Amino acid sequence: MVTTARTETSRRKFLAAAGLTFAGACVAPKSLFAEEDHLVKDALREAPAAKIRVQALRRNVSVLLGPGGNIAVLTGPDGKLVVDAEIVTARPNVSAALAGVSKDPIRQLINTHWHFDHAGGNAWLHEAGASILAQENTRKHLSKDTWVEGWHYTFPAMPAGALPSTVFGEDYTLHANNSTLLMKHYLPAHTDSDIDVHFLEADILHVGDTFWNRNYPFIDYSTGGSIDGQIRAAEANLAKVTDKMLVIPGHGEVGGKADLILFRDVLAGIRDKVAALKKQGKSLQEVIAAKPGAQTDQEWGNGFMNPARFLGLVYQGV
Ligand SMILES: [Zn+2]
């Protein structure tokens, strides 16, 4: 299935997020974010009952929209290729949805990054026949116990079969089902393991959690993410997107260039307001009370991330 590959091993240095994380924890009273303590457990418990919608996009590419990260599916004679693996407990519905898309066996899985709502199904998809491909930091984080401060949760190391068997540094090209897939690693953004996947002929770009369509993003400072990195990735997506391109976000509806512009503008606008307030000496509680995201809070803050949690992540990084 893989006919060409190019891997660069240059390792990017970035400041360890540990110091920032500690500072954030000091200014964020436990009571404000008590829900973080059970957020992952709730997601695991609720995923089995969550419906999954299947949306045909272009050519032989579809998307599954469910409780976790959006899954892209490429069908054809080489077998199914899927981008992302959902929350592990969503398996019955994901499995049924995939079977409904085509009869092709599952052959290849690509992880956009290491998070549990995108790589959680790695083990069962591998058992079902998929080879797993990802950026090297995805394998690194999945290989050992990993603490995520923003979720107050330690993810245990995944078993060997769930780990990507092929990893790359900066970019990778794969040919399958008469399609060319171009993958590129972002500079540290939502995590340090984010990649995009461009289905070249269909002109569809899966950008993982560098884009949440009309939702405030979670940002994982514990594994290299930051608000400024998240905005930088939004800029990188804008530099790549064309008017005709379909863009699959990590969360939210499939969108396009206008949605990416809106996402960048909302994030940059809130970031600048929070930075100005913090510079004035305002506490996180005061920043939340000032409602810097008033225009979008109602629409963007009613899903996985409420406005206060998002502001806590922005405050931490400015
Ligand atoms: Zn994520």
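Just so it is clear, the structure is predicted and the values come from calculations on it, not from any experiment. Order of appearance sets the numbers: ligands from 1, and atoms from 1 within every ligand.
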Does the side chain of Asn237 pick up a donor-acceptor pair with the side chain of Thr210 at under 3.5 Å?
yes

Closest non-hydrogen contact found for Pro156 with Asp145 is CA-OD1, 3.4 Å

Return the orientation label for the His190 and Trp212 ring planes: parallel under 30°, perpendicular over 60°, tilted otherwise.
tilted

Can Lys41 be said to sit on top of Tyr153's aromatic six-ring, NZ or CZ under 6.0 Å from centre and within 45° of the ring axis?
no

Side chains of Thr191 and Trp114: any donor to acceptor distance under 3.5 Å?
no

Closer than 2.8 Å to the Zn ion (ligand 1), what protein N/O/S atoms do you find?
His113 NE2, His115 ND1, His190 NE2, Asp209 OD2

Between Asp104 and Lys80, is there a side-chain N and carboxylate O pair less than 4.0 Å apart?
no

